[in-house]
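Read through the structure below, which is laid out as structure tokens, and then see the notes.
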Amino acid sequence: MYQCYYCEQLFESKEKLYEHVEIHSDIEKNREIMSRKKRAGKKS
């Protein structure tokens with residue numbers, strides 16, 4: 001069994017875990033982009 005380190009969900013294979021973790025990494029990227037946009041907007 002493999003466990004997601006973001007939400008602790010369990011998976012039977014590494015492949016399923018990697019597919020799942022991609023969802024979290026996409027969310028993190030989007031959060032970072034949005035926070036950068038907000039910071040840039042406040043400066044101008």
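Remember, it's a predicted structure, so these values are computed and weren't measured experimentally.
- For residues 24-33, the set of pairs meeting the salt bridge (Lys or Arg N to Asp or Glu O under 4.0 Å) definition, not counting sequence neighbours, comprises E28-R31, E32-R36.
- Taking Ile, Leu, Val, Met, Phe, Trp and Tyr as hydrophobic and joining them when side-chain heavy atoms fall under 4.5 Å apart, one finds I23 in a cluster with I27.
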Name the atoms and distances for all side-chain donor-acceptor pairs under 3.5 Å in residues 5-20, with sequence neighbours left out.
| unit_1 | atom_1 | unit_2 | atom_2 | d |
| --- | --- | --- | --- | --- |
| S13 | OG | K16 | N | 3.2 |
| H20 | NE2 | H24 | NE2 | 3.1 |

